[in-house]
S.K.: 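Here you go, one structure.
The structure presented is a predicted model; accordingly, all values stated were derived computationally and were not measured. Note on naming: letters A, B, ... go to the chains in the order of the sequence lines (proteins, then strands), and numbering restarts at 1 for each one.
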Amino acid sequence: VLLHDEVKQAFTEHRSVVCHDAKPFMRSLMADGIDLSFLTLDTAIAAYLINPSKSSYSLASVCGEFLGAEPTGSMESDGTFDFGGTDISAQSCAEAAVFVSRLAPVVLAGLADIHNESLYADIENPLVHVLAKMESAGIAVDTAALLSIKDRLTAETQELTQLLHSIAGKTFNVNSPTQLREILYTDRGLAPGKKTKTGFSTDAATLEKLHDQWPEFIGPLLRYREVEKLRSTYGEGLLHEIAPDGRIHATFNQTVARTGRLSSDQPNLHNIPVRSDEGKVFRTAFVAPKGCSLLVADYNQIELRCIAHLANDPGLISAFAAGEDIHNATAARVFGVALGEVTADQRSKAKMVSYGLAYGMEAYGLSQRLSIGVDEASVILKAYFEAFPNVKKYMDDAIVEARRTGYTETLFGRRRQIPELLSDNFRVRQAGERQAMNAAIQGLAADIFKIALVRIDKLLTEKDFLSRVVLQVHDEVIVEVPDSEKEVVGPLILDTMRGAADLSVPFEVNAAWGDTWASAKG
DNA sequence: GCATGATCC
DNA sequence: CCGGCTGATCATGCA
């Protein structure tokens with residue numbers, strides 16, 4: 001049995017630690033006051049860079065792929081360090097260690113083959129420690145505020161349930177699409193919209209179309225859906241995740257998203273509502289502790305800027321360089337009007353096209369977003385590509401190149417294989433084309449953001465600031481800053497984010513201070 | 001365990 | 001003509 005001090009010495013003084021999925025382990029050691037800061041290789045993350053599309057990066061599956069053999073140990077590690085381990089766990093840990101040591105040179109060679117050494121060493125590897133610290137810090141939550149939000153929502157769902165039962169003339173489970181189908185399409189005899197695998201759809205888009213045929217029922221039903229989602233996922237869900245220290249410690253996954261982005265679970269803090277005022281209130285429950293403020297800093301239009309750079313499109317580049325309202329500038333070009341003559345409708349359409357671009361948009365998707373016909377959407381899309389011809393060329397080239405090589409690559413060398421491009425199935429192939437257009441864009445944004453995160457942490461650590469990054473949402477960081485450090489730390493963070501990469505367009509970073517995540521968001 | 005429908009970027 | 005937007009996570013119902 002190892003003593004604490006020996007463990008501490010081993011992990012803190014050994015200059016080269018190789019590990020498979022180091023973060024949970026790091027976080028567990030952190031709780032015991034041990035800082036594993038000399039990670040040199042995480043074989044799970046290396047395997048992810050080599051192919052980010054796998055469904056699992058467990059030690060067994062990675063060994064199976066790279067070594068053709070798997071550990072036999074029955075105990076799968078939960079990543080925590082067990083000071084009082086049994087003989088059985090000691091045996092399987094030892095076996096796992098042997099496998100990791102065999103794996104290391106193989107995945108290193110794999111990284112070298114695809115020229116990912118610096119992507120790994122400069123970005124992904126240091127990020128492990130940064131994320132472990134972020135998870136371990138967690139974000140402070142105002143439990144009372146969260147409870148009162150949840151109670152209000154619960155009361156409203158109960159009222160709405162009563163109302164819907166009385167209008168339908170019977171009691172039923174409002175959460176059941178099956179029972180809703182019966183009421184809408186059988187009892188009431190509404191003309192069904194689109195179908196799902198199991199029957200007629202009852203999703204929000206379908207209900208909106210049916211609204212005028214039975215407004216007194218569908219109105220409250222849509223409202224119920226909205227409120228119930230907020231109550232269950234965010235009200236109940238977040239309350240369950242508050243740790244004894246009054247903070248939420250989510251997990252940030254580094255090997256899940258195929259584009260290179262991070263994901264968050266337990267709980268997912270990447271989809272806390274922001275669009276509706278009603279949902280946004282949950283952000284008031286994420287707070288700064290006494291004596292601190294939250295700095296919320298996010299990249300403005302980072303994906304569009306990536307497109308401008310990658311496509312080398314003069315129109316987009318000059319609009320960004322001039323600091324113009326990008327949707328207004330886009331609309332002016334697309335609809336052929338002067339900057340001052342753009343209507344709200346034109347701007348909103350241009351905005352939707354811009355959002356869709358990063359998703360590998362086609363006319364159908366745009367038509368759904370804008371609630372217009374596919375033919376009208378095609379006209380807008382055509383006008384867009386005529387106004388920004390390099391963007392069109394970039395998208396076409398991305399597909400051709402991905403089909404030729406089998407993968408796409410970001411500026412920093414992050415790869416994503418797209419075998420779907422060779423599928424016989426039209427639908428699958430077209431999904432592959434969208435991925436080919438999207439991957440280098442979203443992936444580059446992810447690379448840049450990860451660089452910023454690593455640099456921000458390095459800066460705060462090296463200069464012994466008490467400020468710490470507590471949350472990250474794709475293009476946004478939330479930093480808990482003691483009031484005494486606000487003046488110094490604020491500008492440092494913004495400068496770091498702006499300087500994370502050197503593209504042909506400048507980065508713009510929006511920043512706001514607040515006592516809660518909500519008040520910080522303009 | 002899969003399907004549906006919600007949230008976010 | 002097909003048939004549906006990138007990437008995620010979670011709650012709930014239903015077989």
Side-chain angles (χ1 to χ4, degrees), chain A residues 52-53 172-181 194-207 221-222 224-238 240-241 250-253 255-276 278-280 282-283 298-299 301-304 306-307 352-353 355-370 374 377 381 395 398 408 416 418 420 424-446 449 472-476:
Chain A
S53 302
F172 66 103
N173 187 342
V174 189
N175 288 329
S176 165
T178 316
Q179 294 178 39
L180 267 176
R181 251 173 233 148
K194 68 179 175 186
K195 278 189 296 188
T196 65
K197 278 181 193 167
T198 54
F200 296 114
S201 177
T202 67
D203 68 9
T206 306
L207 293 176
L221 175 58
L222 286 166
Y224 174 90
R225 279 261 174 85
E226 187 183 358
V227 176
E228 169 61 10
K229 168 71 176 177
L230 296 174
R231 185 199 66 78
S232 62
T233 304
Y234 303 107
E236 298 281 359
L238 291 176
H240 282 124
E241 298 291 348
T251 304
F252 297 106
N253 301 302
T255 59
V256 171
R258 287 172 290 190
T259 51
R261 292 223 282 218
L262 297 169
S263 77
S264 160
D265 63 12
Q266 289 186 314
N268 182 359
L269 295 182
H270 285 173
N271 66 349
I272 304 301
V274 67
R275 282 165 204 171
S276 73
E278 193 119 43
K280 218 187 214 171
F282 282 100
R283 297 187 176 221
D298 70 293
Y299 282 107
Q301 299 292 345
I302 190 168
E303 290 190 356
L304 256 191
C306 289
I307 292 173
M352 284 304 165
V353 176
Y355 277 118
L357 270 190
Y359 301 153
M361 184 173 46
E362 291 160 42
Y364 177 83
L366 182 64
S367 74
Q368 294 296 298
R369 272 284 179 114
L370 290 172
V374 177
L381 213 51
M395 297 292 179
T408 67
R416 173 171 176 185
I418 309 185
E420 290 87 346
D424 294 331
N425 181 321
F426 175 80
R427 200 180 60 75
V428 173
R429 202 164 60 241
Q430 211 168 37
E433 292 178 359
R434 287 195 297 269
Q435 290 163 12
M437 291 188 271
N438 167 274
I441 299 163
Q442 203 177 100
L444 174 57
F449 186 75
Q472 153 282 135
V473 189
H474 302 311
D475 59 1
E476 167 179 334

S.K.: Nearest-nucleotide wise, let me know which of Phe426(A) and Ala431(A) is further upstream toward the 5' end of DNA chain C.
M.R.: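 It is Phe426(A), whose closest nucleotide lies nearer the 5' terminus.
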
S.K.: If you only use heavy atoms from C-beta on, which nucleotide in dG4(C), dG5(B), dC9(B) is closest to the side chain of Thr196(A)?
M.R.: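 Looking only at side-chain atoms, Thr196(A) lies closest to dG5(B).
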
S.K.: Look at the side chain of Gln368(A) and the base of dG4(C), then say whether one donor and one acceptor between them are separated by less than 3.5 Å.
M.R.: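 Not at all, since no donor on one side and acceptor on the other fall under 3.5 Å apart.
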
S.K.: Round to the nearest Å and state the distance from Arg283(A) atom CZ to dT7(B) atom C1'.
M.R.: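 My rounded result for the distance is 10 Å.
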
S.K.: When you check the gap from the basic side-chain N to the acidic O, do Arg261(A) and Glu303(A) get nearer than 4.0 Å?
M.R.: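 Here Arg261(A) pairs with Glu303(A) in a salt bridge, since their nearest N and O are under 4.0 Å apart.
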
S.K.: Applying side chain to side chain donor-acceptor pair (under 3.5 Å) between Thr259(A) and each of Gln442(A), Gln435(A), Arg416(A), report the one that passes.
M.R.: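 That would be Gln442(A); it is the only one of Gln442(A), Gln435(A), Arg416(A) passing the side chain to side chain donor-acceptor pair (under 3.5 Å) with Thr259(A).
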
S.K.: Just the rounded figure in Å: distance from P of dT6(C) to CE of Met395(A).
M.R.: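 Going from CE in Met395(A) over to P in dT6(C) covers 13 Å.
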
S.K.: Between Ile418(A) (CD1) and dT6(C) (P), how many Å, whole number?
M.R.: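 That distance rounds to 12 Å.
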
S.K.: Could you check how far CD1 of Ile272(A) sits from C1' of dT7(B), rounded to whole Å?
M.R.: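 Spelled out: CD1 on Ile272(A) to C1' on dT7(B) is 9 Å.
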
S.K.: When you check the phosphate oxygens OP1 and OP2 of dA6(B), does a side-chain N or O of Arg225(A) lie under 4.0 Å from one of them?
M.R.: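 It does, given that an N or O in the side chain of Arg225(A) lies less than 4.0 Å from OP1 or OP2 of dA6(B).
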
S.K.: Go through dG3(C), dG5(B), dG7(C) for me and flag the one nearest to the Ser201(A) side chain.
M.R.: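 Side chain of Ser201(A) sits closest to dG5(B).
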
S.K.: State which residue, out of Asn173(A), Thr202(A), Val174(A), fulfils the side chain to side chain contact (heavy atoms under 4.5 Å, CB included) condition with Gln179(A).
M.R.: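 Of the listed residues Asn173(A), Thr202(A), Val174(A), the side chain to side chain contact (heavy atoms under 4.5 Å, CB included) partner of Gln179(A) is Asn173(A).
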
S.K.: Using the six-membered base ring of dC5(C), report whether Tyr359(A) stacks on it, requiring centroids under 5.5 Å and planes under 30° apart.
M.R.: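 Check failed, Tyr359(A) does not stack on base of dC5(C).
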
S.K.: Looking at CZ of Arg369(A) and CG of Leu366(A), how far apart are the two atoms once the value is rounded to the nearest 0.5 Å?
M.R.: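 These two atoms lie 9.0 Å from each other.
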
S.K.: Describe the nucleic acid contact of Ala257(A) in one word from base, sugar-phosphate, nothing, applying a heavy-atom distance below 4.0 Å.
M.R.: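 If one applies the 4.0 Å heavy-atom cut-off, Ala257(A) turns out to touch the sugar-phosphate alone, with no base involved.
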
S.K.: So does His474(A) get a backbone contact from the side chain of Gln472(A), meaning a donor-acceptor N/O pair under 3.5 Å?
M.R.: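 Side chain of Gln472(A) to backbone of His474(A): a pair is present.
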
S.K.: Which nucleotides of nucleotides 9-15 of chain C have their base under 4.0 Å from a protein heavy atom (B), which only their sugar-phosphate (S), and which neither (-), written as one string 5' to 3'?
M.R.: BBSSSS-

S.K.: Between dG5(B) atom P and Tyr224(A) atom OH, what is the distance in whole Å?
M.R.: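 It works out to 15 Å between those atoms.
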
S.K.: Give a yes or no answer on whether the side chain of Thr178(A) reaches the backbone of Arg181(A) with a donor-acceptor pair at less than 3.5 Å.
M.R.: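 Not at all, since once roles are kept as given, no pair shorter than 3.5 Å links the two residues.
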
S.K.: Quick one: the side chain of Arg261(A) and the base of dC9(B), do they pair up donor-acceptor inside 3.5 Å?
M.R.: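 Flag set: donor-acceptor pair detected.
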
S.K.: Regarding dT6(C), can its base be found pairing with the side chain of Gln435(A) as donor and acceptor, where the two atoms are less than 3.5 Å apart?
M.R.: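 It does not, because no donor-acceptor pair links the side chain of Gln435(A) to the base of dT6(C) below 3.5 Å.
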
S.K.: Please report the distance, rounded to the nearest Å, between CD in Gln430(A) and P in dC1(C).
M.R.: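 One finds 14 Å between P of dC1(C) and CD of Gln430(A), rounded.
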
S.K.: OP1 or OP2 of dG7(C) versus the side-chain N and O atoms of Arg416(A): is any pair under 4.0 Å?
M.R.: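 For Arg416(A), the contact criterion (side-chain N or O under 4.0 Å from OP1 or OP2 of dG7(C)) is met.
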
S.K.: Quick one: pull up OG in Ser367(A) and CE in Met352(A) and give me the separation to the nearest 0.5 Å.
M.R.: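 Output value for this atom pair is 12.5 Å.
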
S.K.: Quick one: Met352(A) CE to dT6(C) P, roughly how many Å, whole number?
M.R.: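 One finds 16 Å between P of dT6(C) and CE of Met352(A), rounded.
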
S.K.: Using the P atom in both, what is the distance from dC1(C) to dA6(B), to the nearest Å?
M.R.: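 It works out to 30 Å between them.
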
S.K.: If you compare every side-chain N and O of Arg434(A) against the phosphate oxygens of dT6(C) (OP1, OP2), does one of them come in below 4.0 Å?
M.R.: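 Yes, within the criterion.
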
S.K.: Round to the nearest Å and state the distance from Glu420(A) atom CD to dT6(C) atom C1'.
M.R.: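 Atom-to-atom, Glu420(A) to dT6(C), this comes out as 13 Å.
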
S.K.: By the 4.0 Å heavy-atom rule, please label Ala439(A) as base, sugar-phosphate, or nothing.
M.R.: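 Counting heavy atoms under 4.0 Å across all strands, no contact is made by Ala439(A).
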
S.K.: So, taking the atom named CG in Asn253(A) and the one named NE2 in His270(A), what distance separates them when rounded to the nearest 0.5 Å?
M.R.: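 Answer for the CG-NE2 pair, Asn253(A) versus His270(A), is 9.0 Å.
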
S.K.: Could you work out the separation of dA3(B) and dG4(C) based on their P atoms and round it to a whole Å?
M.R.: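 Per the computed distance, 14 Å lies between those P atoms.
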
S.K.: Could you give the distance separating dT4(B) and dG3(C) at their P atoms, to the nearest angstrom?
M.R.: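 Looking at atom P only, dG3(C) and dT4(B) are 15 Å apart.
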
S.K.: CD1 of Ile441(A) to CG of Asn438(A): how many Å apart, nearest 0.5 Å?
M.R.: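 Reported value, rounded in 0.5 Å steps: 6.5 Å.
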
S.K.: Does the side chain of Arg275(A) get closer than 4.0 angstrom to OP1 or OP2 of dC9(B) through an N or O atom?
M.R.: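 It does, given that an N or O in the side chain of Arg275(A) lies less than 4.0 Å from OP1 or OP2 of dC9(B).
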
